A.B. asks: 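Below is a structure I'd like to ask you about.
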Amino acid sequence: MEMAGTELRLGLPGTEPSSSTSTSKISNKRSSSHMNNNDEPPPKAQVIGWPPVRSYRKNILEASYVKVSMDGAAYLRKIDLNIYKSYPQLLKALENMFKCSIETEGYNGCNYVPTYEDKDGDWMLAGDVPWDMFINSCRRLRIMKGSEAKGLASL
């Protein structure tokens, strides 16, 4: 009775089993043929599966995650800015996330105000620059009390 189709063996798919691997112990030591031929490295196994993604494609697929903190909250969140298309969408998501009301105009000190840290490390009011510029320069978001945001200058 032959069970070659269901037989378990070691080796790469599509290779024929050798009599030495199926009947004897497998050794981690290199054979003498590899030791004598030190100039030539052993051939690499072909990668099977999805081809590697090139670096220029990685940049397209990368998400733009930033940390979000809120004054008075004991935890931070992380959001992907690329899923939002405008400030109103982002602010609505932040209001739902933190269960608060975020003021975008009139910063009267009674509500929360969205601020962000740009590439240079400066804190600015969210909404003062065009959306695309905001997406490219935002490093962190902070929802602060309106009374504390009075010191931030509008552009």
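Sequential numbering from 1 along the given sequence is applied to the chain's residues. Not measured: the values here are computed from a predicted model.
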A.B. asks: May I ask whether I83 and L81 are part of the same hydrophobic cluster, defined by side-chain heavy atoms of I, L, V, M, F, W, Y residues being less than 4.5 angstrom apart, directly or through others?
C.D. replies: yes

A.B. asks: Considering only heavy atoms from C-beta outward, does the side chain of F134 approach that of D128 to under 4.5 Å?
C.D. replies: no

A.B. asks: Could you pull out the closest heavy-atom pair between D118 and R139, with the gap in Å?
C.D. replies: O-CG, 3.8 Å

A.B. asks: Hydrophobic clusters here meaning ILVMFWY residues chained together by side-chain heavy-atom distances under 4.5 Å, can you tell me if L91 and M97 are in one?
C.D. replies: yes

A.B. asks: Could I get the full list of salt bridge (charged side-chain N to carboxylate O under 4.0 Å, His left out) partners for R140, not counting sequence neighbours?
C.D. replies: E117

A.B. asks: Can you tell me which residue pairs pass the salt bridge (charged side-chain N to carboxylate O under 4.0 Å, His left out) test with a partner in residues 91-101, sequence neighbours excluded?
C.D. replies: none

A.B. asks: Which pairs pass side chain to side chain donor-acceptor pair (under 3.5 Å) with one or both residues in residues 65-76, sequence neighbours excluded?
C.D. replies: D71-R142

A.B. asks: Output yes when a side-chain donor or acceptor of D80 lies under 3.5 Å from a complementary backbone atom of S64, and no otherwise.
C.D. replies: yes

A.B. asks: Does the ring centre of F98 sit less than 6.0 Å away from the ring centre of Y112?
C.D. replies: no

A.B. asks: Measure the shortest side-chain to side-chain distance between I143 and T115 over non-hydrogen atoms and say whether it is less than 4.5 angstrom.
C.D. replies: no

A.B. asks: Would you mind reporting whether L125 and V113 have side-chain heavy atoms less than 4.5 Å apart?
C.D. replies: yes

A.B. asks: Do I79 and L141 make a side-chain contact, defined as non-hydrogen atoms from C-beta onward lying under 4.5 Å apart?
C.D. replies: yes

A.B. asks: Considering non-hydrogen atoms only, spot the tightest contact between A93 and Y84 and give its length.
C.D. replies: CB-OH, 3.4 Å

A.B. asks: Would M70 and L76 show up in the same hydrophobic cluster when neighbours are defined by side-chain heavy atoms closer than 4.5 Å?
C.D. replies: no

A.B. asks: Where is the tightest heavy-atom contact between S137 and Y116, given as atom of each residue plus distance?
C.D. replies: OG-CE1, 3.9 Å

